Protein chains: 2
Amino acid sequence: MVAMEKKNKKQRKRWREKMNDDDDDDDEKVEDEEENEGKNINGGERQREHPFIVTEPGEVARGKKNGLDYLFHLYEQCREFLIRVQVIAKDRGEKCPTKVTNQVFRYAKKAGASYINKPKMRHYVHCYALHCLDEDVSNELRRVFKERGENVGAWRQACYKPLVAIVTRQGWDIDAIFNSHPRLSIWYVPTKLRQLSHSERNNAAIASTSVGINC
Amino acid sequence: MVAMEKKNKKQRKRWREKMNDDDDDDDEKVEDEEENEGKNINGGERQREHPFIVTEPGEVARGKKNGLDYLFHLYEQCREFLIRVQVIAKDRGEKCPTKVTNQVFRYAKKAGASYINKPKMRHYVHCYALHCLDEDVSNELRRVFKERGENVGAWRQACYKPLVAIVTRQGWDIDAIFNSHPRLSIWYVPTKLRQLSHSERNNAAIASTSVGINC
DNA sequence: GACACGGGCGACCAGCGGACGGTGAGCTA
DNA sequence: TAGCTCACCGTCCGCTGGTCGCCCGTGTC
């Protein structure tokens with residue numbers, strides 16, 4: 001219990017430093033720089049990260065929670081890990097990944113970023129996509145959902161709608177939208193987002209057909 | 001034995017028709033259009049294709065052999081199958097392959113092109129690459145190896161050298177070379193070619209270092 | 001007909017992208 | 001402190017990309 005407290009204080013400290021420090025990655029081997037008590041020295045199993053809560057832009061989560069700026073920062077960190085993996089691969093003349101693959105997650109973990117893992121990152125990709133594609137809309141959604149006291153799951157679900165609206169406006173080609181954005185292009189398009197975009201296209205097609213018939 | 005004869009006559013006929021017919025793909029369900037004798041009606045197992053021999057450009061292989069123009073044509077057919085798979089995927093709102101994947105090979109087989117298979121196509125990718133990137137050099141190599149009476153294996157091996165020379169001239173980035181060529185970009189870079197390109201880069205680096213020291 | 005050569009492609013493998021839901025952290029009363 | 005909510009991430013799964021070498025078609029004598 002006490003060990004846990006310390007671990008997570010360290011975690012948030014790292015995050016705040018990052019915000020001030022202008023974002024350069026120096027977090028390999030930073031483990032166990034403070035106290036080494038309890039089951040923290042890899043004696044027990046890894047502690048899970050604090051859950052996310054809906055925060056407004058710029059707001060730091062209080063208590064045993066993490067905020068959404070921190071969530072999005074994780075995506076930027078993954079991008080940096082990918083770039084490093086790419087440099088190594090090119091240097092060795094090996095296949096060079098263009099996406100955040102298992103290999104990148106493995107590299108991140110070895111580099112000490114044990115708080116990054118595949119299921120988590122994949123879970124929130126579409127939320128990050130909205131943040132990338134229309135930060136204003138994303139920010140507004142966060143404010144509204146925070147005010148309403150909604151939980152993270154509800155906010156996550158709600159991210160789909162404005163995203164599909166964007167996709168619709170641009171011709172329903174979600175892959176093209178991801179690929180043409182420099183920070184988004186390294187992430188696989190989530191299946192559900194692809195499906196929603198596609199059924200929205202079908203809806204539009206049917207609607208326009210009906211209009212055609214009616215006129 | 002007799003069944004085999006007929007089957008392969010049909011095979012070559014298809015290929016010749018293709019050359020005249022200006023290349024449009026109408027070969028789904030062309031199976032069993034002539035005789036239906038023997039074990040050919042899917043009674044037995046699939047017959048393997050005739051082996052390739054080294055032929056000069058334009059030369060049709062004689063006897064129970066296939067020529068290299070036919071080999072390269074197989075790559076064009078795969079490209080057409082990929083394009084069809086892409087159209088279907090886009091239409092259904094599914095992930096859209098950019099490369100010739102297992103899915104494309106499966107589609108080709110279902111469409112009746114049972115003579116296309118993954119190990120074969122992967123085996124000769126670098127030969128096709130040379131054909132795409134410098135047809136003159138490729139043609140000359142074929143003529144020389146035919147004249148010398150070399151077998152296909154020897155010709156295949158020999159394709160690496162001029163290819164690595166091209167890669168070297170363009171900065172050792174084999175992925176960039178493949179990706180920037182419209183017909184080559186759909187093929188995965190063969191591991192061996194990547195390794196050869198990389199060690200050639202290292203050789204060049206060492207050489208230039210030595211020169212630096214000596215001067 | 002028998003034999004040797006050589007290459008076509010069936011079948012395998014490590015690891016991939018993708019998904020789910022049981023723990024167990026965390027909050028409230 | 002007990003109870004109960006909910007989301008983190010260990011772990012699984014259908015396949016993928018990549019490869020090897022067996023089997024047998026083929027030419028020769």
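Letters go in sequence order (proteins before strands), and every chain restarts at 1. Here the structure is a predicted model, which is why all the values come from computation and not from measurement.
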Next item on the list: Enumerate the residues from residues 141-153 of chain B whose closest heavy atom to DNA chain C is under 4.0 Å, giving them by residue number; use none for an empty result.
Entry: B/Asn151, B/Val152, B/Gly153
Note to self: My understanding is that only residues two or more places apart in sequence, or in another chain, count here; which of them pass side-chain hydrogen bond (donor to acceptor under 3.5 Å, both in side chains) with B/Glu59?
What the structure shows: B/Lys146
Next item on the list: Report the residues that fulfil salt bridge (Lys or Arg N to Asp or Glu O under 4.0 Å) with A/Arg143, sequence neighbours left out, ordered by chain and then residue number.
Entry: A/Glu140
Checklist line | Residues forming a salt bridge (Lys or Arg N to Asp or Glu O under 4.0 Å) with A/Arg148, sequence neighbours excluded | finding: A/Glu150
Please state whether the phosphate of [N], meaning OP1 or OP2, lies under 4.0 angstrom from any side-chain nitrogen or oxygen of [X].
X        : N      : answer
A/His50  : D/dC8  : no
B/Lys64  : D/dG25 : no
A/Tyr124 : D/dC8  : yes

Round to the nearest Å and state the distance from [X] atom [atom1] to [N] atom [atom2].
X        : N      : atom1 : atom2 : answer
B/Lys120 : D/dG17 : NZ    : P     : 19 Å
A/Leu68  : D/dA7  : CG    : C1'   : 14 Å
B/Arg62  : D/dT26 : CZ    : P     : 17 Å
A/Asn66  : C/dA25 : CG    : C1'   : 13 Å
B/Lys65  : C/dG7  : NZ    : C1'   : 9 Å
A/Gln47  : C/dT23 : CD    : P     : 17 Å
B/Gln195 : D/dG18 : CD    : P     : 12 Å
B/Leu71  : C/dG7  : CG    : P     : 13 Å

Are any protein N/O atoms closer than 3.5 Å to N/O atoms in nucleotides 18-21 of chain C? If there are, list each pair with its distance.
residue : atom : partner  : partner atom : Å
C/dG18  : OP1  : B/Lys95  : NZ           : 2.9
C/dG18  : N7   : A/Lys118 : NZ           : 2.9
C/dG18  : O6   : A/Lys118 : NZ           : 3.1
C/dA19  : OP1  : A/Thr191 : OG1          : 3.0
C/dA19  : OP2  : A/Thr191 : OG1          : 3.4

Checklist line | Qualifying side-chain hydrogen bond (donor to acceptor under 3.5 Å, both in side chains) pairs, either residue in residues 188-201 of chain B, two or more places apart | finding: B/Asp175-B/Arg194, B/His198-B/Arg201
Notebook entry, point to check: Say you draw a straight line from OG1 of A/Thr55 to CG of A/Leu71; how long is it, rounded to the nearest 0.5 Å?
Noted result: 9.0 Å
Item checked: Toward the 5' end of DNA chain D, by each residue's nearest nucleotide, B/Thr101 or A/Ala154 -> A/Ala154
Item checked: B/Leu193 backbone acceptor or donor facing B/Tyr160 side chain under 3.5 Å -> no
Check: With sequence neighbours left out, which residue pairs that include part of residues 125-138 of chain A fulfil the salt bridge (charged side-chain N to carboxylate O under 4.0 Å, His left out) condition?
Finding: none
Next item on the list: Look at the side chain of A/Arg106 and decide which nucleotide, out of D/dC8, C/dG8, C/dC16, has an atom nearest to it.
Entry: C/dC16
Return a table of donor-acceptor pairs under 3.5 angstrom between the side chains of residues 88-103 of chain B and protein atoms on other chains or two or more places apart.
residue  : atom : partner  : partner atom : Å
B/Lys99  : NZ   : B/Ser185 : O            : 3.0
B/Thr101 : OG1  : B/Gln103 : N            : 3.4
B/Asn102 : OD1  : B/Lys118 : NZ           : 3.1

Under 3.5 Å donor-acceptor pairs involving side-chain atoms of residues 123-133 of chain B, not counting sequence neighbours:
residue  : atom : partner  : partner atom : Å
B/His123 : NE2  : B/Arg156 : NE           : 3.2
B/His126 : NE2  : B/Arg156 : O            : 2.9
B/Tyr128 : OH   : B/Glu76  : OE2          : 2.8

